[in-house]
Novice: 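A single structure is presented below for examination.
All values below were derived from every heavy atom in this structure, side-chain atoms included, with hydrogens, water molecules and symmetry-related copies excluded. Throughout, protein chains are lettered first and strands after them, A, B, ... in sequence-line order, and every chain is numbered starting at 1.
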2 protein chains.
Amino acid sequence: MVTLEENGSKVAMGKVSAELAVTPGTATSMVKNMERDGWLKYYPRQGVSLTRKGKKVAMNMLRRHRLLETFLVETLGLDWSEIHIEAEELEHAISEKVLEKLDEFLGSPRYDPHGHPIPSKGGTIQRPSSQTLQNCDAGITVRVESILDQDSDFLKFAREKELLPGKAVSVIKSEKLADVITLKIDGREPFSMGFRSAEKILVV
Amino acid sequence: MVTLEENGSKVAMGKVSAELAVTPGTATSMVKNMERDGWLKYYPRQGVSLTRKGKKVAMNMLRRHRLLETFLVETLGLDWSEIHIEAEELEHAISEKVLEKLDEFLGSPRYDPHGHPIPSKGGTIQRPSSQTLQNCDAGITVRVESILDQDSDFLKFAREKELLPGKAVSVIKSEKLADVITLKIDGREPFSMGFRSAEKILVV
DNA sequence: ATATATACTTTGATTGATCAAAATAGTAAA
DNA sequence: TTTACTATTTTGATCAATCAAAGTATATAT
Ligand SMILES: [Mn+2]
Ligand SMILES: [Mn+2]
Ligand SMILES: [Mn+2]
Ligand SMILES: [Mn+2]
């Protein structure tokens, strides 16, 4: 959803239709309605970009989503691999009033359990790192910022390997041709992962 | 919603249509769909009654609603006059898993902030008192069980008068003809209320 | 530059929710 | 019993969401 239009550029209709799991024709029709209502600007055959108004509600939805995820893990003790889907529903049902009470109760956290920054009430959000594990050279040590993939199984795998936000990761080797990177976290056994997966880990 | 079909008898279509705020024709159509799906039995021109299956999900929804109300007051500190509407939305968005975690977190409360019993996970619920303040004679002292009305302003009034679940209330006088009852709670000033309002307070 | 493939938009149809108005059944009054 | 009233159901129409299939524009390959 929201995650698509982070940057200022246009999102292709194909992405929209795939993300919303509707046919391309339906996506076009939806997007036209949303333009009519002022949420976004639609450039036929190019894509859509959020208006200021649209960006505002998108940020607010991201705030809802991430505060809820934090609550589900911190307060109720759910696993970080299962909270995304739950928050996806709850974010639409929670009122502004309850949301702010929740924020207060949680102590205004800045990051959700996946390491994603939580937008402020005003709608500003901390820019994420542009580095991923994929573009890290052998020998250096980095700190995990966040996990991009919301897939439940991938998150379980990441926790298993202790690939968690805040953790220090040493890059043992990075083999471009073989498309694989080998890592070491704390005193644990080194392990390898493909670039495809490494790209899902944001680091600083 | 659910509150209508507590007893085993039929609910008139007029009630259904009013409660759902749709035209009578729409109510008829909805009810037919729900019968097709097995949620209720529809007796044309008489009304509807829940099937076992329907009663089960209704009880579950009541459990959701009341646990959420409890959470909103106990954990987030919202006022009891504003939680009903909030819970009305959230009850549809919360999953079974999150609900049970919430129940655990709250310590499996038996009553919500209005004094309403919370159905067990299995769907059983404690029978409410059949006494209201309206049918209390002068001189006796009763304990408030619950407030039936969900209206925000009425709830604010009740709290103002300390007419809260668990409180002991002495009936100073009850004047049938004048349709008014006079009450005293703790050491406070006595006050009066009409039978219409007194009927909204369940006591034991 | 031409042809082909891909991404996207349009069109036309279907479905479901809803309403207003007309028809009907059941109830109360005369 | 007949009439009148009220609650409910039916009917016919509208609207929004969605899809499949057909048409069109743009990018890519030859
Ligand atoms: Mn998420
Ligand atoms: Mn997250
Ligand atoms: Mn309630
Ligand atoms: Mn309640």
Novice: Closer than 4.0 angstrom, basic N to acidic O: yes or no for E82(A) and K97(B)?
Specialist: yes
Novice: If a pair satisfies salt bridge (Lys or Arg N to Asp or Glu O under 4.0 Å) and one of its residues is in residues 165-182 of chain A, list it, with sequence neighbours excluded.
Specialist: E162(A)-K167(A), K167(A)-D186(A)
Novice: I need the full list of ring pair (Phe, Tyr, Trp, His ring centres under 6.0 Å) pairs touching residues 31-63 of chain B, with sequence neighbours left out, sorted by first then second residue.
Specialist: none
Novice: What pairs meet the ring pair (Phe, Tyr, Trp, His ring centres under 6.0 Å) rule with one or both residues in residues 157-179 of chain A, with sequence neighbours excluded?
Specialist: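 Of all non-adjacent pairs touching residues 157-179 of chain A, those that pass ring pair (Phe, Tyr, Trp, His ring centres under 6.0 Å) are F154(A)-F157(A).
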Novice: Would you mind building the protein contact string for nucleotides 10-16 of chain D? One character per nucleotide, 5' to 3', B for base within reach (heavy atoms under 4.0 Å), S for sugar-phosphate only, - for untouched.
Specialist: B------
Novice: Please list each protein N or O that sits under 3.5 Å from an N or O in nucleotides 25-29 of chain D, with the distance.
Specialist:
none

Novice: Which residues pass the side chain to side chain donor-acceptor pair (under 3.5 Å) test with S129(A), not counting sequence neighbours?
Specialist: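 S129(A): no side chain to side chain donor-acceptor pair (under 3.5 Å) contacts found.
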Novice: Without decimals, in angstroms, what is the distance between M30(B) CE and dT15(C) C1'?
Specialist: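 After rounding, the gap between these two atoms is 16 Å.
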Novice: Report the residues that fulfil side chain to side chain contact (heavy atoms under 4.5 Å, CB included) with S108(A), sequence neighbours left out, ordered by chain and then residue number.
Specialist: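 Counting only residues at least two positions away or on another chain, S108(A) forms a side chain to side chain contact (heavy atoms under 4.5 Å, CB included) with D103(A).
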Novice: So what does A27(A) touch, heavy atoms closer than 4.0 Å: a base, only the sugar-phosphate, or nothing?
Specialist: nothing
Novice: What pairs with W80(B) under ring pair (Phe, Tyr, Trp, His ring centres under 6.0 Å), at least two apart in sequence or on another chain?
Specialist: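 Once residues adjacent in sequence are excluded, the partners of W80(B) under the ring pair (Phe, Tyr, Trp, His ring centres under 6.0 Å) criterion are H114(B).
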Novice: Taking the axis from the first five pairs and the axis from the last five, what angle separates them in the helix from dA1(C)-dT30(D) to dA30(C)-dT1(D), rounded to 10 degrees?
Specialist: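 If I round to tens, the end axes sit 0° apart.
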Novice: With A18(B), which residues qualify under side chain to side chain contact (heavy atoms under 4.5 Å, CB included), at least two apart?
Specialist: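 Result, side chain to side chain contact (heavy atoms under 4.5 Å, CB included) vs A18(B): none returned.
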Novice: Report the distance from atom CG of L20(A) to atom C1' of dC19(D), rounded to the nearest whole Å.
Specialist: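 Atom-to-atom, L20(A) to dC19(D), this comes out as 15 Å.
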Novice: Considering residues at least two apart in sequence or located in another chain, which fulfil the side chain to side chain contact (heavy atoms under 4.5 Å, CB included) criterion with D153(A)?
Specialist: D151(A), K156(A)
Novice: Using atom CE of M34(A) as one end and atom P of dA17(D) as the other, report the distance to the nearest whole Å.
Specialist: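 My rounded result for the distance is 11 Å.
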Novice: Aromatic rings F105(B) and F71(B): how do their planes relate, parallel, tilted or perpendicular, breaks at 30° and 60°?
Specialist: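 F105(B) and F71(B): perpendicular rings.
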Novice: Between dT6(C) atom C1' and Q46(A) atom CD, what is the distance in whole Å?
Specialist: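 Going from CD in Q46(A) over to C1' in dT6(C) covers 16 Å.
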Novice: Does anything in residues 193-204 of chain B pair up under salt bridge (Lys or Arg N to Asp or Glu O under 4.0 Å), and if so which pairs, sequence neighbours excluded?
Specialist: D149(B)-K200(B)
